[in-house]
2 protein chains.
Amino acid sequence: MLKTIQMLASSSGFAASRWRKPHQNSFISISNYSLSYPACGTRRPINPSLSLPAISTRRTRFYKATRAQSTMYESNMDNSSPVAVRISADIRKINFCQWCGGPTKHEIPDGEEKMRAICTLCGKITYQNPKMVVGCLIEHDNKVLLCKRNIQPSYGLWTLPAGYLENGESAAEGAMRETWEEARAEVEVLSPFAQLDIPLIGQQTYIIFLARLKKPVFSPGPESLECRLFALEDIPFDSLAFSSMLVTLNLYVEDLKTGRLKFHYGTINKRPGTSPSDIRAYTLDYHLQS
Amino acid sequence: MLKTIQMLASSSGFAASRWRKPHQNSFISISNYSLSYPACGTRRPINPSLSLPAISTRRTRFYKATRAQSTMYESNMDNSSPVAVRISADIRKINFCQWCGGPTKHEIPDGEEKMRAICTLCGKITYQNPKMVVGCLIEHDNKVLLCKRNIQPSYGLWTLPAGYLENGESAAEGAMRETWEEARAEVEVLSPFAQLDIPLIGQQTYIIFLARLKKPVFSPGPESLECRLFALEDIPFDSLAFSSMLVTLNLYVEDLKTGRLKFHYGTINKRPGTSPSDIRAYTLDYHLQS
């Protein structure tokens, strides 16, 4: 199920970030280790000439863009803290305790650093955290399996089978479940392939596994119009549903060219001022590989 | 901040799993790809002789254990579904809508497969999803940085700096923030090292990065009694706070022995019938490497 994923991308604009302590961003850095760290063991350098279609690998020190009206920045650590913390304004929309129904107040609890919704009756704190979206990149006969979406957003566009991880299942189990739901395919998870954080749109992290069909049988589930195997040269890059899928498939194709499938970590950030529906208007920041 | 992580490990027992459709578990499999999949590119086989201290790599078809009274199993997909879905009984504790305060009902929404808490007034659905715990394995002069906990659970025991990922930050940013909060250390994230799911205790996924100190300065934050660099042979394996840290440090030490640091994915499952406080009483299932 990937019904609401990246909905915000279609409904929110972008604005310049606002910092309580603007200087703090200068302390943040995440580097491509191959460029900043001597090789240890068999750590591999990232090929600086790697040029992925539609991927702009930008090495900023911190984000320049954020989602308007829904994210604000805050630092409640002491002045020497090198990390500024953004908090979601969504916390202010939590007006009631989900357990006892009492009204909430919005304060920084004792011993914590961030504003939370705290019940004024029972004292319980409601936390909000990023969600994981889990999916499979399914290889079969040198092709990959994609699903054409039967639901909004991105109705009619192609995606890997993926959806929110549920409580009580591992990421690999969730990825297999989503594959069944969307492509009626039984798969075997082979290896982790990518973790792609999208912290400023929908507070999501994509966890994508390489997988293979246990038998060459698949058909569209209720959320798919069609499921199809695509040869690499036929992948519909112009009709993909989400930036995360574009990044994943680009990395996969590039890895195959180099003859080695790696594990990729990165952050997808929308480029300021671009159309929310333009899935190519992003940068892949802090791209690390193992 | 890692205040409440694995609290359930100290408060819950284990019981045999309960299935609505017991046969379904026979459909589930996640294999060590090196054993079940021909090499592709430079995928590496997992050394079957790899014997990590305290790690029992079990290749079950599905979990045999679950947390008593807090997790139940459900499958609402059609009969041909290969995936049984566990849902958390915690959803039944959500009695009120956090947005409007209306009472909730617990039903399967139209078009979904799982029971949710649905507001009877505004209709909004409250979802529950696993949380990410992000942390750093910090290398410095062939030593690793550990923190002695100043808070419960596991007061006085050693851990990597780690805590819950917050909305609005990437996993790497969250890991750096936690490192600052717990060890007052500025670090540079080098590469992803491990994703360890703990689906049956606390619904958590650990995301651990390799990192290095930007300068050799650190000191305990409020949640730490002490921070110290340990040579590999001095790592206090008998005084670690959590199974997740034991697994991570074991994998790290074993990787160094082989001369190559890899990315590890796996699921930590508590062994049935063992003491919740025994952090060695687990199995590392579905261990995959990239």
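Since we're looking at a predicted model, the values are computed, not measured. Numbers restart at 1 for each chain; the letters A, B, ... are given by sequence-line order, proteins then strands.
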Self-check item: Which of B/Thr205, B/Asp255, B/Thr126 touches chain A most, by non-hydrogen pairs under 4.5 Å
Solution: B/Thr205

Practice problem: Would you confirm whether A/Asn129, through its side chain, and B/Leu165, through its main-chain N or O, come within 3.5 Å as a donor-acceptor pair? | Solution: yes

Self-check item: Any A/Asn95 side-chain heavy atom under 4.5 Å of B/Gln98 side chain
Solution: no

Self-check item: Pairs of heavy atoms under 4.5 Å with chain B: top-ranked of A/Ala117, A/Gly174, A/Cys100, A/Cys97
Solution: A/Cys100

Quiz item: Are the side chain of A/Tyr265 and the backbone N or O of B/Ala172 linked by a donor-acceptor pair below 3.5 Å?
Solution: yes

Quiz prompt | Straight-line distance of A/Asn269 CG to B/Ser170 OG, nearest 0.5 Å | solution = 8.5 Å

Exercise. Run the numbers on A/Leu190 and B/Leu288 for side chain to side chain contact (heavy atoms under 4.5 Å, CB included), then give the verdict.
Key: CA-CA 7 Å; A/Leu190 305 174; B/Leu288 306 172; over 6 Å; no

Quiz item: With a 4.5 angstrom heavy-atom cut-off, which part of A/Thr104 approaches chain B: side chain, backbone, both or neither?
Solution: neither

Practice problem: Could you tell me whether A/Lys114 and B/Glu169 have a side-chain N and a carboxylate O separated by less than 4.0 Å? | Solution: no

Practice problem: Write down the atom of A/Gln128, the atom of B/Asn167, and the distance for their closest heavy-atom approach. | Solution: CB-ND2, 3.6 Å

Self-check item: Closest heavy-atom pair and its distance - B/Tyr286, A/Glu173
Solution: CE1-OE2, 4.4 Å

Quiz item: Has the side chain of A/Ser290 got a donor or acceptor atom that lies under 3.5 Å from a matching backbone atom of B/Pro192?
Solution: yes

Quiz item: Contact part of B/Pro130 toward chain A, heavy-atom cut-off under 4.5 Å: side chain, backbone, both or neither?
Solution: both

